[in-house]
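This chain uses plain numbering: 1 for the first residue, then up along the sequence. The structure displayed is predicted, hence computed values, not measured ones.
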Amino acid sequence: MFGSSKPRSSSSAVLDALMQAGRTLDDELRSLVARYGADAVREAAKKATVKKRGRRPEKDWPLLRPWLDQDVEDWLAERDPFAARSNYFIAKEYSAEYPGHNPIATAERIERKLREKRRWMLFAVAENRTRKGWPLSVNLRACEGMIEEGKPNDWSFMLNHLRGVLARYEERFGKPDASLSLDEMDEALRQPLPALSGGVLGGLFGLGKLGS
């Protein structure tokens with residue numbers, strides 16, 4: 001009875017558990033290096049600690065630019081681009097040209113993005129295009145569309161800037177010609193004021209020449 005190995009086995013298990021509980025990370029690493037080698041442990045640690053990356057976001061909007069340009073052309077001509085081309089139609093054309101791994105999934109993804117953001121993207125592209133060569137009133141309409149379709153607090157500063165340009169131009173030059181663009185007004189406002197009669201200081205302050 002006393003010669004049984006069972007008590008010794010139980011004591012050994014308890015002793016092992018106590019030893020394991022007191023082991024540090026350095027102890028574990030030394031044990032792993034001794035068993036598998038430093039290179040193997042280093043490589044395993046790299047694999048175990050690498051961050052898992054999610055699915056990379058698709059860069060669809062730059063590729064959708066030709067369709068957005070068509071939308072802007074229609075909008076500038078006062079046609080309805082949404083009646084001319086549905087989101088489904090554009091998504092089918094896009095997936096035919098850029099099928100990805102699964103053309104059906106690509107078309108569904110594009111249709112969803114267009115449904116969520118096509119109107120805002122239309123006005124964003126139109127705002128950028130109409131800064132030069134288009135009347136300021138058209139640029140204002142595009143900016144107002146961005147605010148209406150997006151978050152007002154994010155884009156209202158643009159509208160305030162445009163209105164400020166118009167106010168400064170009217171104060172300095174009078175009511176602008178309807179054909180003037182934002183860039184043309186900005187350029188005019190950057191030009192220095194012409195020198196006034198009686199000298200610049202005299203003219204500006206209405207004092208004339210001293211001692212006259």
Side-chain angles (χ1 to χ4, degrees), residues 55-194:
R55 183 177 177 180
R56 296 177 64 181
E58 296 84 358
K59 297 180 179 179
D60 293 317
W61 288 113
L63 297 178
L64 279 164
R65 185 58 185 263
W67 289 275
L68 292 173
D69 285 339
Q70 290 179 352
D71 283 355
V72 173
E73 291 291 344
D74 284 340
W75 182 77
L76 290 172
E78 299 187 354
R79 297 188 297 264
D80 183 0
F82 303 96
R85 290 168 303 281
S86 67
N87 294 336
Y88 176 80
F89 176 81
I90 294 176
K92 292 292 287 184
E93 284 198 337
Y94 181 97
S95 63
E97 189 163 348
Y98 307 105
H101 296 296
N102 185 332
I104 296 176
T106 297
E108 290 175 348
R109 183 183 75 245
I110 295 302
E111 188 174 9
R112 182 181 68 253
K113 287 188 175 183
L114 290 170
R115 184 170 58 250
E116 294 172 352
K117 206 171 179 180
R118 180 182 172 190
R119 288 183 178 273
W120 186 89
M121 291 297 294
L122 157 65
F123 292 120
V125 175
E127 192 281 326
N128 184 266
R129 183 185 296 187
T130 56
R131 291 179 187 179
K132 181 179 295 186
W134 287 86
L136 182 63
S137 59
V138 179
N139 190 265
L140 281 168
R141 281 178 52 215
C143 188
E144 288 169 348
M146 289 177 65
I147 293 173
E148 183 178 342
E149 296 296 334
K151 296 179 180 179
N153 292 337
D154 291 344
W155 305 105
S156 58
F157 74 93
M158 294 178 63
L159 187 60
N160 292 334
H161 168 71
L162 296 178
R163 288 171 173 166
V165 170
L166 182 58
R168 291 195 302 275
Y169 188 94
E170 288 183 344
E171 181 181 358
R172 185 166 170 181
F173 302 105
K175 188 173 181 179
D177 187 277
S179 64
L180 282 178
S181 69
L182 173 64
D183 279 4
E184 289 170 328
M185 290 188 188
D186 269 333
E187 180 62 27
L189 290 169
R190 283 194 292 268
Q191 300 303 314
L193 286 168

What heavy-atom pair brings [X] and [Y] nearest, and what distance separates the two atoms?
{"X": "Ala188", "Y": "Tyr169", "result": "CB-CE1, 3.9 Å"}
{"X": "Gly133", "Y": "Ser181", "result": "N-CB, 3.6 Å"}
{"X": "Glu170", "Y": "Lys175", "result": "CG-CA, 4.1 Å"}
{"X": "Leu122", "Y": "Pro81", "result": "CD2-CG, 4.2 Å"}
{"X": "Ile110", "Y": "Ala91", "result": "CG2-CA, 3.8 Å"}
{"X": "Ser95", "Y": "Pro103", "result": "CB-O, 3.5 Å"}

Aromatic ring pairing Tyr94/Trp67, orientation class (parallel under 30°, perpendicular over 60°, tilted between):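 Taking Trp67 first and then Tyr94, their aromatic rings sit tilted (interplane angle of 30° to 60°).
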Within 6.0 Å of CD in Glu171, more than 12 heavy atoms from elsewhere: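 Counting other residues, nucleotides and ligands, CD of Glu171 stays at 12 neighbours or fewer.
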Residues, nucleotides or ligands: over 12 heavy atoms within 6.0 Å of Phe173 CZ: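 Check passes, neighbour count above 12.
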Polar side chain donor-acceptor pair, Asp177 to Ser179, under 3.5 angstrom: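 There is such a pair (donor and acceptor under 3.5 Å, judged by atom type) between the side chains of Asp177 and Ser179.
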Approximate separation, where rounding is to 0.5 Å, of [X] [atom1] and [Y] [atom2]:
{"X": "Arg119", "Y": "Asn87", "atom1": "CZ", "atom2": "CG", "value": "9.0 Å"}
{"X": "Met185", "Y": "Arg168", "atom1": "CE", "atom2": "CZ", "value": "11.5 Å"}
{"X": "Ser137", "Y": "Leu166", "atom1": "OG", "atom2": "CG", "value": "9.5 Å"}
{"X": "Leu68", "Y": "Phe123", "atom1": "CG", "atom2": "CZ", "value": "12.5 Å"}

Test item: Thr106 side-chain N/O and Pro99 main-chain N/O as donor-acceptor pair under 3.5 Å: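 Checking the backbone N and O of Pro99 against the side chain of Thr106, a donor-acceptor pair under 3.5 Å is found.
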Quick one: does [X]'s side chain get under 4.5 Å of [Y]'s, heavy atoms only?
{"X": "Trp134", "Y": "Asn139", "answer": "no"}
{"X": "Met146", "Y": "Met121", "answer": "no"}
{"X": "Leu140", "Y": "Leu182", "answer": "no"}
{"X": "Trp120", "Y": "Glu148", "answer": "no"}
{"X": "Pro176", "Y": "Leu136", "answer": "no"}
{"X": "Val125", "Y": "Arg65", "answer": "yes"}
{"X": "Thr130", "Y": "Leu76", "answer": "yes"}
{"X": "Arg129", "Y": "Asp69", "answer": "yes"}

Criterion salt bridge (charged side-chain N to carboxylate O under 4.0 Å, His left out) on Asp186 and Arg131, from CA distance to verdict: CA-CA 10 Å; Asp186 269 333; Arg131 291 179 187 179; over 6 Å; no
CA sep, side-chain torsions, deciding dist, call: Glu127, Arg141, salt bridge (charged side-chain N to carboxylate O under 4.0 Å, His left out): CA-CA 8 Å; Glu127 192 281 326; Arg141 281 178 52 215; over 6 Å; no
Stepwise side chain to side chain contact (heavy atoms under 4.5 Å, CB included) test for Arg118 and Ile90: CA-CA 11 Å; Arg118 180 182 172 190; Ile90 294 176; 3.6 Å; yes
Pairing of Asp71 and Arg85 as salt bridge, 4.0 angstrom limit: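 The answer is yes: the pair qualifies as a salt bridge.
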Lys/Arg N to Asp/Glu carboxylate O, Glu108 vs Arg112, below 4.0 Å: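 Looking at Arg112 together with Glu108, the answer is no, because their closest N to O distance does not fall below 4.0 Å.
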